[in-house]
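Structure first, commentary second.
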Amino acid sequence: MLDIRLIRENPEKINELLKRRNPELSVDKVIEIDVERRKIQTEADELRALRKTESQKIGEMKKRGENTDSIQEEVRAIGDKVKALEEKQIELDEKQRTLLLNIPNIPDETTPIGASEDDNVEVHRTGEPVKFDFEFKPHWDIAEAKGIVDFERGVKLSQSRFVMYRGKGARLERAIIEFFLDLHTLEHGYEEIMPPFMANSATMTGTGQLPKFAEDMYKCQDEDLYLIPTAEVPVTNIYANEILSEEDLPKYMTAYTPCFRREAGSAGKDTRGLIRVHQFNKVEMVKLTTPESSPEEHEKLTQNAEKCLELLGLPYRRVALCTADIGFSANKCFDLEVWMPSYNTYKEISSCSNYGDYQARRANIRYRDKESGKTRFVHTINGSGLAVGRTFAAILENFQQEDGSVIIPEVLRKYTGFDKI
RNA sequence: GGAAAAGUGGCCGAGUAGGUUUAAGGCGGCACCCUGCUAAGGUGUUGUGUGGGGUAACCUGCACCGAGGGUUCGAAUCCCUCCUUUUCCGCCA
């Protein structure tokens, strides 16, 4: 949610930044409602003050045994007016809130301006794409041949785009999860969190999934609960409606969770393999920081994600997403893309975003500034470290051998207990 | 799932046959005073949100006693719904 005061004071600047995302965005309607809303609030406040003093008078008169019929009638009339204004105010408040909840974050000044994902900017590449001197296979063929992912039975049990790992596949998937969690907790200083995998609508609104992206999520019948699309949702909301002290910041938290996505708009895309499924595993990193330190913390978090790829020995590149491609709530985002031989290109495996105070304002996560004693919104940052299923796929493809086997990266072996599939 | 009790500020804890409660008091925090230092003591201060005025420090209105409704001239206090916690019963990994 954008700051209404900032919008009030600087509408042209906000509009200019929003139009970098999409020329159709603007805060004009919000300002219109804001003016009316404030006018009504002032009126209602004054009437409430009057009602209060008059009511007190009635109390005193009654104590003295005086007749209060006529003044009671007057105050009742004031009350009716107050009620009418309050209704109007609630209506305008809700209207304004709805508008604000549906306006995306303004991009950071350093986010490249662009009209589509084609305008994303590559920042750097690490490692060389493998060159095979034999006919390599896509990961779904390898997985099937080795019997480590059962695609057909996953579909039978649930639906298309559900997969079932088995044997060494299940073990490898678990090994990757443990490797990532150990790396972030033991080397990078994150606290491990195991959150609920379902979250209520207030939590979903806090990080920006609701109200706009309801159709992307699985909703429980008869309950105000959604399956989480990412650990970002529960973990970022841990301190919702709380005031932290400055010493508590920055907070580093990491969590493994399964992630559930309906993939409503992606029919026909990446239909084979592990790249796009309804349920996948992910280790997420989340930070709460002061506004001053958030750019630096965002960079460090991105490097923490890159470390995962480097230790696994997977070739990847970092891409700065342009204004047309960054997520709804983000002001800046780096994607990490891993080399996937079967696609002959780099595929997203991590998305590291800075949200500024946009999510904190929605979720009401604040801290007390030590110097001024005032409360301020924290900045929230998160990134995948990494998507586990896509890591699994990248390992199969990049480390496959001519004889059809797959060499397990050194760092995973203590978790898998085998060095080859 | 059933029954009972309870939810008041950072914490503890008064206040409910409706009306100087603009929520007592304590603890904690902060500032200052006293003191050779520390401890103790003294004085003051102490939340959140949202409006208005002012360049600003600041001044000022309104709202907030789990959440949302209702009754009333007036609600922390009465009524209804929901949520949470505790205890008991049932079920269960």
Side-chain angles (χ1 to χ4, degrees), chain A residues 1-10 30-101 194-206 210 220-226 234 237-249 251 357-378:
Chain A
M1 198 153 55
L2 297 176
D3 183 1
I4 184 64
R5 282 180 215 139
L6 199 69
I7 293 174
R8 230 179 258 157
E9 284 160 21
N10 232 331
V30 177
I31 290 169
E32 221 173 90
I33 288 170
D34 187 53
V35 170
E36 199 188 345
R37 193 185 59 81
R38 278 149 67 206
K39 202 184 99 199
I40 283 173
Q41 192 192 328
T42 304
E43 258 178 73
D45 281 354
E46 282 165 3
L47 280 176
R48 269 192 292 263
L50 181 63
R51 179 179 65 182
K52 193 153 95 181
T53 54
E54 296 297 298
S55 292
Q56 276 168 1
K57 271 189 212 162
I58 292 171
E60 285 160 20
M61 286 167 75
K62 284 206 163 174
K63 258 184 210 159
R64 293 195 296 264
E66 295 171 24
N67 182 296
T68 57
D69 287 356
S70 69
I71 183 167
Q72 276 193 32
E73 195 45 51
E74 276 171 44
V75 179
R76 184 204 299 273
I78 296 171
D80 289 345
K81 272 193 225 166
V82 169
K83 199 165 183 184
L85 286 170
E86 277 173 349
E87 275 167 16
K88 183 76 183 155
Q89 195 184 346
I90 287 167
E91 187 193 318
L92 290 170
D93 278 348
E94 273 169 11
K95 231 175 174 176
Q96 186 176 61
R97 185 172 161 79
T98 303
L99 280 173
L100 283 172
L101 286 177
M194 192 171 286
F197 300 162
M198 295 191 212
N200 61 33
S201 54
T203 302
M204 288 295 174
T205 306
L210 289 178
C220 294
Q221 203 167 24
D222 304 326
E223 298 274 359
D224 178 33
L225 287 172
Y226 297 80
N237 278 286
I238 286 173
Y239 296 102
N241 296 312
E242 294 190 34
I243 302 173
L244 299 163
S245 75
E246 192 170 341
E247 289 90 62
D248 295 334
L249 301 178
K251 281 239 180 257
D357 65 6
Y358 185 88
Q359 289 182 326
R361 204 176 283 285
R362 293 171 79 112
N364 195 25
I365 311 166
R366 291 169 294 170
Y367 76 99
R368 195 170 300 283
D369 183 79
K370 216 173 167 188
E371 204 174 322
S372 68
K374 296 220 164 102
T375 57
R376 302 173 75 192
F377 288 103
V378 301

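In what follows, chains carry the letters A, B, and so on, assigned in the order in which the sequence lines appear, proteins first and then strands, with residues in each chain numbered from 1.
- Rounding to the nearest 0.5 angstrom, the gap separating the CD atom in Glu94(A) from the CG atom in Leu101(A) is 11.0 Å.
- With P as the reference atom, rA3(B) and rA75(B) are 32 Å apart, rounded to whole Å.
- Comparing rG7(B) with rG13(B), their C1' atoms sit 14 Å apart, to the nearest whole Å.
- When the nearest nucleotides of RNA chain B are assigned to Glu60(A) and Ala49(A) by heavy-atom distance, the more 5′-ward of the two goes with Glu60(A).
- With values rounded to the nearest 0.5 angstrom, Arg37(A) atom CZ is found 12.5 Å from Ile90(A) atom CD1.
- By the 4.0 Å N-to-carboxylate-O rule, Asp34(A) lies close enough to Arg38(A) to be salt-bridged with it.
- A salt bridge between Glu36(A) and Lys39(A) is absent, with no side-chain N of the basic residue lying under 4.0 Å from a carboxylate O of the acidic one.
- A salt bridge links Lys57(A) with Glu54(A): the distance from a Lys NZ or Arg NE/NH1/NH2 to an Asp or Glu carboxylate oxygen falls below 4.0 Å.
- Counting to the nearest Å, the C1' atom of rU84(B) and the CG atom of Asn200(A) are 13 Å from each other.
- Here the CE-OH distance, from Met1(A) to Tyr358(A), works out to 8.5 Å after rounding to the nearest 0.5 Å.
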Problem set entry | Base-contact (B) and sugar-phosphate-only (S) positions in nucleotides 51-60 of chain B, heavy-atom cut-off under 4.0 Å, - elsewhere | SS--------
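- Taking atom NZ of residue Lys52(A) and atom C1' of nucleotide rU21(B), one finds them 11 Å apart after rounding to whole Å.
- Neither OP1 nor OP2 of rG74(B) sits under 4.0 Å from any side-chain N or O of Thr68(A).
- The side-chain contact (heavy atoms from CB on, under 4.5 Å) test with Val75(A) singles out one residue from Thr53(A), Thr68(A), Ile58(A), and that residue is Ile58(A).
- Under 3.5 Å, the side chains of Asn200(A) and Thr203(A) contain a donor-acceptor pair of N or O atoms.
- The separation between Asp93(A) atom CG and rC64(B) atom P is 15 Å, rounded to whole Å.
- The partner of rU48(B) is rA63(B), by the rule that a Watson-Crick or G-U pair needs both atom distances under 3.5 Å.
- How far CD of Glu43(A) is from NZ of Lys81(A): 9.5 Å, rounded to the nearest 0.5 Å.
- Near RNA chain B, meaning a heavy atom under 4.0 Å away, the residues from residues 71-92 of chain A are Gln72(A), Val75(A), Arg76(A), Lys83(A).
- Considering only the side chain of Arg366(A), rG49(B) comes nearest among rG74(B), rC62(B), rG49(B).
- A gap of 27 Å separates the P atoms of rC12(B) and rC82(B), to the nearest Å.
- Of the P atoms belonging to rG49(B) and rA57(B), the separation is 16 Å, rounded to the nearest Å.
- Across all strands shown, Lys57(A) has no heavy atoms under 4.0 Å from either base or sugar-phosphate atoms.
- rA63(B): glycosidic angle beyond 90° from 0, hence anti.
- For Thr375(A), the side-chain atoms get nearest to rU48(B) when compared with the rest of rC62(B), rU48(B), rC73(B).
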